[in-house]
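Taking it in order: structure first as structure tokens, then the write-up.
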Amino acid sequence: MKKNIYIIIAIVFSAFSLASCKKDFLDVKNIPADMPVDLIYKRYDYIQGIVWNAYSYLPDGFGWMDMEAATDDAYHTNVNNRSHTFNYGVWNQFNNPDGVWGNYFNGIYQANLFLKRRHEVDLSSISNSIVNNDSTAYKRAVNNLQFMVGECYFLKAFFYFELVKRYGAVPIIDQSLDYNETGTWQGLARDPVNDCFKYIVSLCDQAAVIIPDSVRTSAATSWYESGRATNGAIKALKSRAILYAASPLFKDAGSTYTWADAAAAAQEVIAMNIFNLDASYTNVFGATNATSVEAIFFKRYGAQNGLERNNFPLVFEGSNGNSVTPSQNFVDEFEVKSGATAAPFDWNNTTHAANPYVNRDPRLAATVIANGATFKSTTIQTYYGGNSGQPKLNATKTGYYLAKYVNPTVDLLNNTTTTHQWLYMRYAEVLLNYAEAMYNAYGAAGDPLGYGMTALQAINRVRTRSAMPALTDITPDAIVHERRVELGFEGHRWWDVRRWKRGSVFANPVRSISITLNGSNFVYTPSKLEDRVFDQSKMNWYPIPQSEITKTGWDQNAGW
């Protein structure tokens, strides 16, 4: 395998040949089109392709970025973007722009294929090639086959979690049933939400036993590729899953997991003592973030500049204005620092209103490009008539551009590129998972099981990393706030609001900032950008695709 090759290769097993759509860090051999199917499962190098293909069904993190505009954190400048379908409330069982049902069940199918047929692999050609008693290659193949079992358990858990958080009850499939074969779905029942979460947790527990933490560091497993599942990734997924299971939406759906369970799961990750907060918040989203002490599980992308081309302020030639632009709702969430204290931003405070970007939580500047910010040695002007403001075609309508994950070293004019890694899980999230669970189970300062950290201490570790004053107490709103500002534009807000059953905030108007230059002074006027639709009676859950309802006869999710 090559460590400088990225992105997923799709393996089309319907014809049992390899369709090389994109490059991946997992270097897969081409499978001859005329090779008998059974032989594929006997060849060690070919059966690996089934596992690598299962990885290809993991979420496309940067592809999800536009969905941030379907939350109250952003607005998309492209009027045809799928986020507007959600914002107008016109999505349904026939038209769901985030319709991932088939994708994840296909991923589950690939994982089940390997689990079913892994025993057919013939390693005799490797064992027969041992020279001078050097069995390194053979031992590696044996170990890799076993690790791939753990990876498939992990991937199944990941895919099932993605399904359950969207659709609730889904069918648990342990057999290699082909999603594309209609008959395999007839007669299958949707398993209750609680059973689904128990299944996800059991898969994680099985995977954690198989894949030790030493795969990251041992010389004997140095071949284990960066980006594959690790023990820390498995435990972090379990932490996230149980946190969701203990949340109001899923408790109401029958989950028996508790906040104490969620705290214990997060503590498992913390107790590993191998992850930490990066000293630099911005480094967590830079080109080398895969090597950060904070990175737990990630997807590596090749050298490209699409994210920058979409999101660079319009002053830069080559920017296309197909942008995810942070909302005023989001910007207002960041506190104002004053010495050793911090207070919520308030437009009724004349000092705040006159200089709205001064002394703010440093995470704001790391996430959002505001009027007057310096980006690529250029002062960004989002005021009316400015170099990146209205009325320029495709200019931001909110008054802001996205900074997080956007690499300023890219030169669009000369088409330079940069690598990106999407962090599915990072240590700050684990600490916030722990803080939320511990608070709800034991209060702000309780630690009855001797974990060594209270909810308050955990949330303050996240805050002080970004030079924010420590809190003296926690409220539920403080937890909501901290997750929003720390994890903004990382794919959490859409789901956090739902699991908390706070979806009414998505029905509030999304606001922008109108900025005018009056002499040498700016006048900032917050205003409504658009109204949005969110029916909490049904939209906390996705509708099951109507094609599946027709095929299986299941009851549709309530309200759809």
Could you check whether E486 pairs with R483 (Lys NZ or Arg NE/NH1/NH2 to Asp/Glu carboxylate O, under 4.0 Å)?
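Result for this pair is no, no salt bridge flagged.
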Under the salt bridge (charged side-chain N to carboxylate O under 4.0 Å, His left out) test, residues paired with [X] that sit two or more places apart:
X: D535; value: none
X: R484; value: D72, D73, E333
X: D477; value: R502
X: R511; value: D332

Partner of R309 under side-chain hydrogen bond (donor to acceptor under 3.5 Å, both in side chains), picked from N322, N320, N415, is N415
Looking at side-chain heavy atoms only, is the closest gap between Y57 and F158 below 4.5 Å?
no
Is there side-chain contact between V533 and N87, with at least one heavy-atom pair below 4.5 Å?
no
Name all pairs fulfilling the salt bridge (Lys or Arg N to Asp or Glu O under 4.0 Å) condition that reach into residues 276-297, sequence neighbours left out, sorted by first residue then second.
E294-R426, E294-R465
Where at least one partner belongs to residues 392-408, residue pairs that pass salt bridge (Lys or Arg N to Asp or Glu O under 4.0 Å), sequence neighbours excluded:
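Of all non-adjacent pairs touching residues 392-408, those that pass salt bridge (Lys or Arg N to Asp or Glu O under 4.0 Å) are K404-E490.
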Mind checking ring-ring contact (aromatic ring centres under 6.0 Å, His included) for [X] and listing every partner two or more places apart, or none if nothing turns up?
X: F62; value: Y301, Y405, H420, W422
X: W91; value: F86, Y542, W560
X: F250; value: F197, W541
X: Y383; value: F522

Applying side chain to side chain donor-acceptor pair (under 3.5 Å), name anything that partners N103, two or more places apart in sequence or on another chain.
none
Under the side chain to side chain donor-acceptor pair (under 3.5 Å) test, which residues partner R463, sequence neighbours left out?
E335, E482
Could you measure the distance from the NZ atom of K235 to the CZ atom of F275? Nearest 0.5 Å is fine.
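So the gap between those two atoms works out to 9.5 Å.
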Rounded distance (nearest 0.5 Å) linking atom CG of N371 with atom CD1 of I513:
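Spacing of CG (N371) from CD1 (I513) equals 9.5 Å.
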Do the side-chain N and O atoms of D411 and N414 include a donor-acceptor pair separated by under 3.5 angstrom?
yes
Tell me if the centroids of the rings in [X] and [Y] come within less than 6.0 Å of each other.
X: F489; Y: F330; value: yes
X: H84; Y: Y75; value: yes
X: Y357; Y: Y524; value: yes

Using a 6.0 Å distance limit plus a 45 degree cone around the ring axis, check whether R360 lies over the aromatic ring of F345.
yes
